[in-house]
Amino acid sequence: MNSLTSNASPTPAAGSSGRKWRQLTSPPIFYHWAGRVWPWMAVLAAVLAAAGLWVGFGLAPTDHQQGEVYRIIFLHVPAAWMSMFIYLVAALHAALGLIYGTRLSPLLARALAPTGALFTAIALWTGAAWGKPTWGAWWVWDARLTSELILLFLYLGYMAMVSAIEDSRRADGAGAIVLLAGVVNVPIIYFSVQWWSTLHQGASIRMDTAPSMTHTMLAGMLLMALACWAYTLAVALVRARCLILERAREESL
């Protein structure tokens, strides 16, 4: 902890704001910055989640085809989005640590992985709950479902790998290889409904066409997605602070 506090309050740089942001790559500086930011992200996540659930489960109209069961999309779709996005960000940080030897990047990858695994599990669970009344089965070996399950195994494999290796540097390198090898699975998840004939419906929100849902449904889904983003930031920042302290203790031994 002394090594963190000794470098925690650097003199403000006289250069551009970009240089100030680059200072966050220093674990001690990031530690104290994260301590200021994560409570705001937690509050924002709670407010957005409350608003999203109210819009999605209270204001959004009943779907004329699926009835009330469709409302699970307000949990399922944002969780699925975040499961893929977090994996890509974690893999990016792992690659930066592997290539450039940055100290903070592997810690951020470790901090993000458990939340990514959580969202993947939520996406799979809500997908099963949605599939039972819609398809008549809790699980089918659909291309998107199967590739999402593989994503969960990749998260779990990465976390098991970095936990099993005692040497932190070797664990970071091995974990980075696992994450980077699994990146190919993310586009498979996203494009699976276009590449293969699957039971899973296509994307409700696309960049090249208008959303296939009412404005109220869209608002509820976007609010829940933003809540997931804010939650991810809050939890990852807290976890990163813990990892920075652990790494500092290891290096001081």
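When a residue number appears, it is its place in the shown sequence, counting from 1.
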Show the numbers, then the answer: is there a side chain to side chain contact (heavy atoms under 4.5 Å, CB included) between F74 and T126?
-> CA-CA 10 Å; F74 297 110; T126 53; over 6 Å; no
Applying side chain to side chain contact (heavy atoms under 4.5 Å, CB included), run through L98 and L180 and close with a yes or a no.
-> CA-CA 10 Å; L98 186 65; L180 293 173; 4.2 Å; yes
Kindly indicate, with the supporting measurements, whether the criterion side chain to side chain contact (heavy atoms under 4.5 Å, CB included) is fulfilled by W141 and L149.
-> CA-CA 10 Å; W141 291 103; L149 180 62; 4.1 Å; yes
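A distance of 7.5 Å separates OG of S105 from CG of L92, quoted to the nearest 0.5 Å. Note that the OG atom of S83 and the CG atom of L124 stand 8.0 Å from one another [nearest 0.5 Å]. In this structure, the separation between CD1 on I189 and CD on E148 is 4.5 Å, given to the nearest 0.5 Å. If you take CE on M224 and CG on L222, they are separated by 11.5 Å, rounding to the nearest 0.5 Å. Expressed to the nearest 0.5 Å, how far OG1 of T146 lies from CG of L151 amounts to 12.5 Å.
Scanning both residues, A34 and L237, for their nearest heavy atoms gives CB-CD2, 3.8 Å. Looking at every heavy atom in both residues, V162 comes nearest to G175 through CG1-CA, 3.9 Å. Between R241 and W38, the shortest heavy-atom distance links the atoms CD-CD1, 4.4 Å. G116 and T120 make their closest contact through O-OG1, 2.7 Å (heavy atoms, listed as atom of the first residue, atom of the second, distance). Between A129 and I72 the shortest heavy-atom distance is CB-CD1, 3.6 Å. A49 and A227 make their closest contact through N-CB, 3.4 Å (heavy atoms, listed as atom of the first residue, atom of the second, distance).
Under the 3.5 Å distance criterion, the side-chain polar atoms of Y155 are matched with a main-chain donor or acceptor of Y87. N185 places a side-chain N or O within donor-acceptor distance of the main-chain N or O of S147, the cut-off being under 3.5 Å. A donor-acceptor contact shorter than 3.5 Å links the side chain of R71 to the backbone of G56. The main-chain N or O of A160 is never found under 3.5 Å from a side-chain atom of S163 such that the two would form a donor-acceptor pair. When atom types are taken as modelled, the side chain of H93 and the backbone of L108 share no donor-acceptor pair closer than 3.5 angstrom.
Under the rule for a side chain to side chain contact (heavy atoms under 4.5 Å, CB included), the partners of S168 that lie at least two apart in sequence or sit in another chain are R247, E250. Under the side-chain hydrogen bond (donor to acceptor under 3.5 Å, both in side chains) criterion, R170 pairs with no residue, sequence neighbours left out. With sequence neighbours left out, the side chain to side chain contact (heavy atoms under 4.5 Å, CB included) criterion links V178 to Y158, M161.
The cluster map of Ile, Leu, Val, Met, Phe, Trp and Tyr, joined by side-chain heavy atoms under 4.5 Å apart, puts W229 and W40 in different clusters. Both V183 and F153 are members of a single hydrophobic cluster when ILVMFWY side chains are connected at heavy-atom separations under 4.5 Å. Grouping the Ile, Leu, Val, Met, Phe, Trp and Tyr side chains by contacts below 4.5 angstrom, directly or via other members, places L245 with V37. Under the 4.5 Å side-chain heavy-atom criterion for ILVMFWY residues, a single connected hydrophobic cluster contains both I150 and L145. Residues L88 and M159 share a hydrophobic cluster, clusters being chains of Ile/Leu/Val/Met/Phe/Trp/Tyr side chains in contact below 4.5 Å.
A heavy-atom distance below 4.5 Å is not found between the side chains of I165 and D172. Contact check for R239 versus T115: side-chain heavy atoms found under the 4.5 Å cut-off. Side-chain contact between V186 and F85 is absent, with no heavy-atom pair separated by less than 4.5 Å. A heavy-atom distance below 4.5 Å is found between the side chains of T216 and P61. Contact annotation: the side chain of L104 approaches that of I244 to within less than 4.5 Å [non-hydrogen atoms, C-beta and beyond]. In this structure the side chain of L75 reaches within 4.5 angstrom of the side chain of L53, judged on heavy atoms.
Under the 3.5 Å distance criterion, with hydrogens and angles disregarded, no donor-acceptor pair is assigned to the side chains of R103 and T25.
For F119 and W81, the ring centers are positioned 6.0 Å apart or more.
Within a 6.0 Å radius of CZ in F30, other residues, nucleotides and ligands contribute more than 12 heavy atoms.
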